[in-house]
Amino acid sequence: MAKDFYGELQLGILGGGQLGRMLIQEAINYNVNVHVLDPDKNAPCRKLCNRFECGSLSDFETVYNFGKDLDMITIEIEKVNVDALEKLEEEGVVVYPQSRVIRLIQDKGMQKQFFKQNDIPTAAFQLISTRDNLYESVIALPYIQKLRRDGYDGKGVKRINSVQDIEDAFTQPSLVEELVDFEKEIAVIVARNDRGDVATFPLVEMEFNPEANLVEFLISPSVLPFEVQTQADDIARKIAADLQIVGLLAVEMFLTKDGQILVNELAPRPHNSGHQTIEGNLTSQFAQHLRAIFNLPLGSTAARSTAVMINLLGEGKYEGLAKYDGVEEVLGREGVFVHLYGKKYTKPFRKMGHVCIINDDREAAIKNARWVQETLKVKA
């Protein structure tokens, strides 16, 4: 970068949610000026940044005008206007991850084709234009249908068990993929800077909330066999190199019951599967993302200890002004770190915060985390 990091660099973040909030908390250490664009006037970032603008992330003019006077733009959500980012790149604004990477990852069909073209292991799939095409699918029932665009946190995904289910399937462009009989969901976060330096965080194991279909419980580092960890790490590094991405990339994978690793999806930004790195690793995912986009040396990703991350989700029957039951109780236990996202209102399964539990004893960390899950509740 032409400018240094002593208060001159103007960094824009598209998205003002919890990922942006935690990114700002780290960016403060670099003394950069942070500008945030988000459609929610009460977004978690609104009071932490140098300038907050309320506006659409998908509108060309809004994104372009937000970014035209900045030095660099990054994202905390993929659903942004890529055409505006391309124009900004043409005019000299640095955009990391690059607009072409964001465009590819916005479309799950393009993601799948990228995997196929680059020999990245993934479940068999077929692109679908309309719901009627499902009747002629070459993927055997039961299968998973995913919207090509705009799905997140379990939304935009359906399991199609029978021909009768097709009547309730998505009508928009989608893909169907083979139903994977997996043993565990795993993830590797990889960072790459503009010099081509690459660093990966230790493999994590995830558990998903069956109702909301989003990560609820995560353990790091993994104790899966060394060969599995090495293979997952190699896959993440290959994807980062093939994309030539600058920034952070979360690679979500399935470990099948017969020991195969299949890539599920990518996220070109800090990710839910890396929140435990704030307390659990020498460098957090947020610090690493900034190091990568600023083209600085990447930090050590070594684990400090076992870390378990729990998502704080809004309780199923509550909606309204958020109240947190059990915060004082859980903070009384050693090795428990609470992160609240500053969201005023709760609703069922909304991500309201997370808790990281660290302990040198893996089983003790897991036991404490299960206790926190039962003790700390988000109500209204």
Side-chain angles (χ1 to χ4, degrees), residues 11-28 33-59 62-63 66 74-80 150-156 209 211-218 267 269-276 278-279 284-286 309-332 336-357 372-380:
L11 172 67
I13 303 175
L14 296 182
Q18 63 265 19
L19 298 176
R21 182 183 175 97
M22 288 181 274
L23 196 58
I24 292 170
Q25 289 171 335
E26 192 62 49
I28 289 168
N33 294 310
V34 179
H35 307 252
V36 173
L37 176 66
D38 193 272
D40 180 3
K41 68 179 188 298
N42 294 313
C45 284
R46 69 195 183 281
K47 294 181 180 178
L48 276 70
C49 54
N50 296 81
R51 176 173 70 98
F52 178 79
E53 182 177 327
C54 184
S56 171
L57 297 173
S58 58
D59 179 71
T62 303
V63 173
F66 169 77
T74 192
I75 63 170
E76 64 112 55
I77 185 171
E78 296 95 294
K79 192 178 177 181
V80 297
D150 299 341
Y152 68 98
D153 282 351
K155 299 177 177 66
N209 181 295
E211 292 181 72
N213 193 30
L214 49 81
V215 176
E216 188 173 44
F217 192 91
L218 175 152
R269 52 170 170 77
H271 190 259
N272 198 234
S273 62
H275 290 346
Q276 80 293 339
I278 297 172
E279 285 85 23
S284 76
Q285 67 164 341
F286 302 98
M309 191 279 293
I310 299 165
N311 271 326
L312 289 181
L313 307 178
E315 290 291 302
K317 57 186 178 181
Y318 293 95
E319 190 159 348
L321 284 170
K323 294 194 300 186
Y324 299 86
D325 288 355
V327 174
E328 189 171 340
E329 195 172 351
V330 300
L331 286 175
V336 176
F337 300 86
V338 175
H339 298 257
L340 304 181
Y341 295 157
K343 297 179 180 178
K344 191 173 183 180
Y345 297 98
T346 185
K347 58 184 178 180
F349 306 115
R350 188 182 192 194
K351 289 180 185 174
M352 301 298 292
H354 76 266
V355 183
C356 183
I357 298 92
V372 171
Q373 271 185 317
E374 294 302 315
T375 305
L376 182 52
K377 302 292 182 181
V378 185
K379 300 179 179 178

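Rounding to the nearest 0.5 angstrom, the gap separating the OG1 atom in T346 from the CE atom in M352 is 4.5 Å. Between L57 atom CG and L14 atom CG the span is 6.0 Å, to the nearest 0.5 Å. A distance of 9.0 Å separates CG in L23 from CD in Q285, rounded to the nearest 0.5 Å. The CD1 atom of I77 sits 7.5 Å away from atom CZ of R269, with the distance rounded to the nearest 0.5 Å. A distance of 12.0 Å separates CZ of R21 from CD of E76, quoted to the nearest 0.5 Å. Residue L37 holds its CG atom at 11.0 Å from CD1 of I13, rounded to the nearest 0.5 Å.
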List the steps, then state whether side chain to side chain contact (heavy atoms under 4.5 Å, CB included) holds for V327 with L376.
-> CA-CA 6 Å; V327 174; L376 182 52; 3.6 Å; yes
What do the steps show when you test I278 against F337 for side chain to side chain contact (heavy atoms under 4.5 Å, CB included), and what is the final call?
-> CA-CA 10 Å; I278 297 172; F337 300 86; over 6 Å; no
Could you walk me through whether Q373 and F217 pass side chain to side chain contact (heavy atoms under 4.5 Å, CB included), step by step?
-> CA-CA 9 Å; Q373 271 185 317; F217 192 91; 3.7 Å; yes
Test side chain to side chain contact (heavy atoms under 4.5 Å, CB included) applied to D150 and K79, step by step | CA-CA 7 Å; D150 299 341; K79 192 178 177 181; 3.5 Å; yes
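Residues P270 and F286 come closest through the heavy atom pair CB-CE2, 3.5 Å. Counting all heavy atoms, side chain and backbone alike, R46 lies closest to K41 at CD-O, 3.3 Å. Here the closest heavy-atom approach between residue P348 and residue G316 is recorded as CG-O, 3.0 Å. L331 approaches V336 most closely through the heavy-atom pair CD2-O, 4.0 Å. Residues L340 and Y324 come closest through the heavy atom pair CD2-CE2, 3.7 Å. The minimum heavy-atom distance between V378 and A322, with the atom names listed, is CG1-CB, 4.4 Å.
Considering only heavy atoms from C-beta on, N42 stays 4.5 Å or farther from K344 through its side chain. Between H339 and M309 the shortest side-chain heavy-atom distance does not fall below 4.5 Å. Under the 4.5 Å side-chain criterion, counting only non-hydrogen atoms from C-beta, V330 is in contact with V338.
Looking at K47, its side chain never comes within 3.5 Å of a backbone N or O of A43 through a donor-acceptor pair. D38 places a side-chain N or O within 3.5 Å of a backbone atom of D40 that can act as its donor or acceptor partner. Of the possible donor and acceptor atoms, one in the side chain of N50 sits under 3.5 Å from a partner among the backbone N and O of V34. A donor-acceptor distance shorter than 3.5 angstrom exists from the side chain of R350 to the backbone of Y345, with no hydrogens or angles considered.
Exactly one residue among H354, K343, K351 makes a side-chain hydrogen bond (donor to acceptor under 3.5 Å, both in side chains) with Q18. That residue is K343.
Residue K347 places its NZ atom among 12 or fewer non-hydrogen atoms of other residues, nucleotides or ligands, all under 6.0 Å distant.
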